[in-house]
Amino acid sequence: MKGSEVRRGYRRVDAVLKVTGRARYGSDFDGGTSPAHACLVTSRIARGRISRFEETPVRALPGVLEILSFKNLGGRIKPGQTFPTGGYMGSSVAPLDSTTIWYAGQIIAVVIANTFEEARAAARQLKVEYIEEPPTASFAVGHEGVDFEGQTEKGPAVGDAIGAHTAAPVKIDARYATPTQHHNSMELFTTTCAWKDGKLTVWESSQNVYGYQYGLADQLGIPPADVRIVSPYLGGAFGGRSFLSQTTAVIALGAKMIGRPVRLEASRADGFTIATYRAETRHRVRLAASREGRLQALIHEGWEVSSRRDTYKVAGVDVSTRLYACPNVASSVTVCAADRATPGFMRAPAEVPYLFALESAMDELAVALDMDPIELRRINDTQVEPIEGRPYTSRALMQCFDVGAERFGWNRRNPTPGSMREQDWRIGFGCASSLYPTFMAPAAARITLWADGAAQVQTAAHEMGQGVRTVVAITAAEGLGIPLDQVRVEVGDSSLPPGPVAGGSNSTASVCNAVAKGCQDIRERIIAAAVAAAEGPLKGMIAREIRFIAGYLVCAAGREPLRTAIARLGRGALESYAENSPHGTPAGGVAGMYKGQPAFTGGTFLKDRIQCAFGAQFVEVRVHERTGEIRVPRLVGAFAAGRIVSPLTARSQLMGGQIWGMSAALHEATQMDAHHARYVNTDLAGYLVPVAADIGQIESIFVPEEDSLVNDLGIKGVGELGNVGLNAAIANAVFHATGLRIRELPIRIEHLLERLS
Amino acid sequence: MRAFAYIRADSTDSALRGMGSPTQPDRLNPQVQYLAGGTLLLDLMKLEVLSPHQVIDINGLESEYGRIELTEGGLHLGALVRMSQAADDARVRRDYPVIAQSLAQAASAQIRNMASLGGNLLQRTRCTYFRDTSWQGCNKRQPGSGCAALNGPNRQHAVLGVSDQCISTYPGDFAQSLVALGATVETVGPTGRRSVDLEALYRDAQQPELETNLLPGELITGIRVPAGPWTRNSAYLKIRDRVSYEFALASAAVALDLSEGRVREARIALGGVSYRPWRAREAESVLKGQPLTQANATAAARAAFATARPRAQNAFKVELGQRTLVRALLQVAGQTS
Amino acid sequence: MQRRDFLKVTLAGPALGRLPPEGEAHSRQEEAPTRLVVDLTVNGLAQRVEVDARATLLDTLRHRLGLTGTKKGCDHGQCGACTVLIGGRRVLSCLTLVAAVRKPATTIEGLEKEGVLHPVQQAFIDQDALQCGYCTPGQILSAIACIEEGHAETRAAIQEYMSGNLCRCAAYPHIFAAIEQARPLMLKG
């Protein structure tokens, strides 16, 4: 909790706008004039083609202006590449291109009408018939010796893992499963498109405005300069607004066809199929250790469901094989095709499923060794990753465990499963490691310092609630030595200097380092003039000893008001355009940023080192002895993530992440009708996320950490760290409470009931 | 949502006039609907499960049907009383805790502020195959089209009172407490006023498209709950994945008349596990005259689920439903928290 | 309860109160939407708006009255983002026909009085009870009602009675703290 004392005075800079309803989200814009309204029609089958499409009666319905389908848009939208293959799209299926159906919920038509009510009613009247083929809904069981059919790639490996596993005295071999999950951010997928003088403006919540601009221009075959994406505030994203969905290009063309702005507000149910989601995964983890608990072998095999069109994968063996010291490691990832939409990034995409498997397995190994699970992790802690031997720039995993264990009261844990009770509730304590790679990307920012000492920062970063405006404002206020309320921040617009996609927890590190550079440039210009001046208190002083503090230039000999120092330059405003190119950025990485393709670096990608943030997750669960409900009265997380720019917003993010972890363990799963390869719980009554009453006591502790290597400002990201490993910590706590090892998420009443008294 | 004409009724007569003379086939998707809280009607109209030509707003009748009255003979709840009003009513909480609890544990504070008690009784199932009209197998929505839930994801579905035509779950909570207490509903319709035993209002699963025995155009105006020595000694226990704002996986409404440790009379209804609000008379009989022990409660629960017909994903409800009932019985008997 | 002076629903299109055609159970004669002129009071301001009878209060606030502070998260009464106060009670504007509104409505835009934030708004800032902020207007209106209903005496009561407002960012613990901060101020003033 000490960390929270630091800079307590800072508050979220956009909080007033958010509590008054004045913050405008993508879905709050109407395109400048009264827009027409669009409604989607989606496929009820998962595989096959459209055989009959009867639009004439619908065109005659009141208010209907246009119907978009393969009939008038076929071939009009260029199929794009998915993000992992160098493109901007969530799926390589071109929308409304043909009669082919790739997945249930695929858009097959868009009805545009004068009002929302008319569009919605008319869309339902569209009669469509299909020729249906039997779909594959999920993993297809493989042949002899192969778990599931798919494309297998080897992952990180070292030594002889199979041999070491066979020979070791203590070992486990277990299989785990995680379900399909959807982001379900609170804001619906909404797009408003308007054309003016041949140029297109799109109001849509996006965590990648440059990517949307270039991707959309490519889809439509128009110059990127003619496309602008506006997204000042996002109503949540969590990865779900990283890639262009199936709708934007279609709505843009619709607006062009009817010569009027068009607004699409996709339904909550539509959101389950028009964008991406977290893929279903399966795992087999084999661990072996000496009797003292030293790991001798780690074999992690993962299977992931993707679409028939795209072999998207998260391949979390990249991190799960590098978390602990181990001389013999093997891994593989198999991508399995199903008749589903293409999955994509969702908050800690790789780490959530893969560390569920690894951290559950570590707990199982601790049980097999009759060892405290924290001690097992301590024995296998390392400052060097075991595959290529690269050093971690900093790693405070065990400090996190120590701080967290103390706070949580881990020493009150009786290690015998089922031994802790209170009235009708069985109590379980569980823990797990968390880690998240510190990714970075190039970023640019324009800093303007006006003669009156106020400043503006412009960068196409994305305000998803993580507080990017706040960390940028803090960085600029510190960099220029001015009060926080004198900094204006503009983000979320593709007409601003480029920032990277807000993903991989990179925003704060990437953007703040660019902002700091720009501030430094301005400081240097002001200082140069001040020390060279014919008069003034700083005349002839040593430049590097001058600091900018609270509106003054200060050095040991004296101080001068910032305004006076600016005035000396004879300018109404000083401007600096800064680019930051982080360590390891490949050639062309900065240029790529200007086309919405920032080169991600850092994390596990570097040749000379590895950089990650770490954490320790602690959980208390209670399981009702009679009826098996699982409750979570306490979550304690201790996290070391370098320099925390804004403790207020960082704590909120970690806390939210921890609740996400609980949710992943106990609540969230998109259920599927396997016969039809269709989701069945596509609303917020059926797709469970935690409500207020589910929340226990939650502590998010910052473990102080300085890392001068990771980047100039020493920042690691915290956006995803909070929800990694917590799913395993809960499964481990459920085991401790009940003696039942549940290896499939979410853990539900039916998993526990039969074995309770 | 299909276009409709909207009218406001300012009297029972004008409401009935607006309703006209609906015909029998109209019962599947009535052309005229009464609008009270709208939490059910608007939801299903947006989904086009319901698509009336005309909506009659009856909220203007609140002065007539919006009162809670307690007499020696029992409790009378006007049909336009809002869920939150009854849940928070001190008299209901004291004398009929099972009713107050079943309401307080349902939906959310906002929905409880809107939804009327009359409308609440007529909740429709949450089964996806019913709610999403793009699915083709739903006998409840399209008679004869089959039931996709039989072999589909059916974790939420019912194990009691089901048929091969339909295994959907009645999603409400309030009706269970009323069925346990033997409530009757009062209605007014084109053919006049009548009073109907609530349990008998709900039809069985043989013809799933017809859910109630309300006559076309009939409006529920009130609910009468008879007094009894068991009403104060009652509780509603609801088990679900989330702590709040979720439909039941299993629930039990229990009211007991206990004398010197023996059950003189038990009133039990089950929810979350059944096709309709389910009075568990077999369980009541097992307990009658017996001491309320763990063993007897377990025997009663077993009797309640003797006819259960589980499917692939909801088999756990047979066990969970029994455990829920045992826990509720012991709780009302003061033997557990 | 009969506050008819706040609202009049009048006809702008076809006959109001038209009886359904008899004996035509499933054949819809015409799809033409009924247009209604609705008078309503929002944040103390009398408004007259012509709407489709199907229009919800939510869509009318957002698209006809320019009050986009009220948010749509599900349109089916499952998330609470659209919570507003009608006659001081919290309700879901997505499941409310605008034509059926009989009492004055208060939205997030109506809470600030002469430049001073409502104690609950201020508490949400102080406690950082929000992240993306999309559910925040609904949370704040729900919280105000929760306190006024007397359902905020304990942390447990707050949690239960705020469960109709989902927050996907999961700012929940800070929301509870904000309600605890604002409650004494609200009850005092």
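Below, read A as the first sequence line, B as the second, and so on, with proteins coming before strands; counting in each chain starts at 1. What you are looking at is a predicted structure, and each value in this text was computed from that prediction instead of being measured.
For Ala685(A), the parts lying near chain C are the backbone and the side chain together; criterion is any non-hydrogen pair under 4.5 Å. For a residue to count as touching a neighbouring chain, one of its non-hydrogen atoms must lie under 4.5 Å from one of that chain's; by this rule His63(C) touches chain A with the side chain only. Both the backbone and the side chain of Asp128(C) come within contact range of chain A, each with at least one heavy atom under 4.5 Å from a heavy atom of that chain. Heavy atoms closer than 4.5 Å to chain C are found in both the backbone and the side chain of Gln653(A). With a 4.5 Å cut-off on non-hydrogen atoms, Phe238(A) touches chain C through its side chain but not through its backbone. For Tyr687(A), the part sitting under 4.5 Å from any heavy atom of chain C is the side chain, from C-beta outward, and nothing else. With a threshold of 4.5 angstrom between heavy atoms, Leu234(A) approaches chain C through N, CA, C or O but not through any side-chain atom. Only the side chain of Leu117(C) comes within contact range of chain A, with heavy atoms under 4.5 Å apart. With a 4.5 Å cut-off on non-hydrogen atoms, Tyr161(C) does not touch chain A at all. Using a 4.5 Å cut-off between heavy atoms, Asp683(A) touches chain C through backbone and side chain atoms alike. Interface remark: Phe116(A) contributes side-chain atoms only to the contact with chain C (heavy atom separation under 4.5 Å). For chain A, no part of Gln139(C) is nearby; none of its heavy atoms comes within less than 4.5 Å.
Closest of all the heavy-atom pairs between Leu166(C) and Met186(A) is O-CE, 3.7 Å. Minimum heavy-atom separation, Glu160(C) to Ala693(A): OE1-CB, 4.2 Å.
Gln121(C) contributes a side-chain N or O that, together with a main-chain N or O of Val19(A), makes up a donor-acceptor pair within less than 3.5 Å. For Gln159(C) (side chain) and Ile695(A) (main-chain N/O), a donor-acceptor pair under 3.5 Å exists by modelled atom type. Within the 3.5 Å criterion, the main-chain N or O of Ile659(A) finds no donor-acceptor partner in the side chain of Tyr172(C). In this structure, Arg62(C) contributes its side chain and Ser27(A) its backbone to a donor-acceptor pair below 3.5 Å. Not one N or O on the side chain of Trp660(A) forms a donor-acceptor pair closer than 3.5 Å with the backbone of Ala170(C). Checking side-chain atoms of Arg11(A) against main-chain N and O of Asp126(C) turns up no donor-acceptor pair under 3.5 Å. Using a distance-only test at 3.5 Å, with no hydrogens or angles considered, no donor-acceptor pair links the side chain of Glu187(A) to the main chain of Gly73(C).
Contact check on Arg35(C) versus Glu118(A) returns no salt bridge, with no Lys/Arg side-chain nitrogen under 4.0 Å from an Asp/Glu carboxylate oxygen.
The candidate from Asp59(C), Thr70(C), Ile125(C), Thr136(C) with the greatest count of non-hydrogen atom pairs under 4.5 Å with chain A is Ile125(C). In terms of heavy-atom pairs under 4.5 Å with chain C, the best-connected choice from Gly21(A), Ala692(A), Gly465(A) is Ala692(A). Chosen from Gln466(A), Arg347(A), Glu463(A), Glu265(A), the residue pairing most often with chain C at heavy-atom distances under 4.5 Å is Glu265(A). Your options are Ala122(A), Gly656(A), Gly696(A), and the one with the most heavy-atom pairs under 4.5 Å with chain C is Gly656(A). Counting heavy-atom pairs closer than 4.5 Å to chain C, the top-ranked of the candidates Asn184(A), Ile698(A), Asp694(A) is Asn184(A).
Taking 4.5 Å as the limit, some side-chain heavy atom of Arg168(C) sits within range of a side-chain heavy atom of Ser663(A). The closest side-chain heavy-atom distance from Cys132(C) to Met464(A) is not below 4.5 Å. A 4.5 Å side-chain heavy-atom check between Glu117(A) and Pro33(C) finds every atom pair outside the cut-off. Considering only heavy atoms from C-beta on, Arg12(A) comes within 4.5 Å of Gln131(C) through its side chain. Residues Lys71(C) and Asp28(A) have side chains in contact (heavy-atom distance under 4.5 Å, counting atoms from C-beta outward).
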- Message: Let's go through Asp75(C) and Arg120(A) carefully: what are the C-alpha distance in whole Å and the side-chain angles of both, what is the deciding distance for salt bridge (Lys or Arg N to Asp or Glu O under 4.0 Å) to 0.1 Å, and is it a yes or a no?
- Response: CA-CA 13 Å; Asp75(C) 216 20; Arg120(A) 182 175 55 185; 3.6 Å; yes
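Cation-pi contact between Lys72(C) and Tyr25(A): absent, since separation from the ring centre below 6.0 Å together with deviation from the ring axis within 45° is not met.
Residue pairs meeting the side-chain hydrogen bond (donor to acceptor under 3.5 Å, both in side chains) criterion with at least one member in residues 13-24 of chain A, sequence neighbours excluded, are Arg22(A)-Glu112(C).
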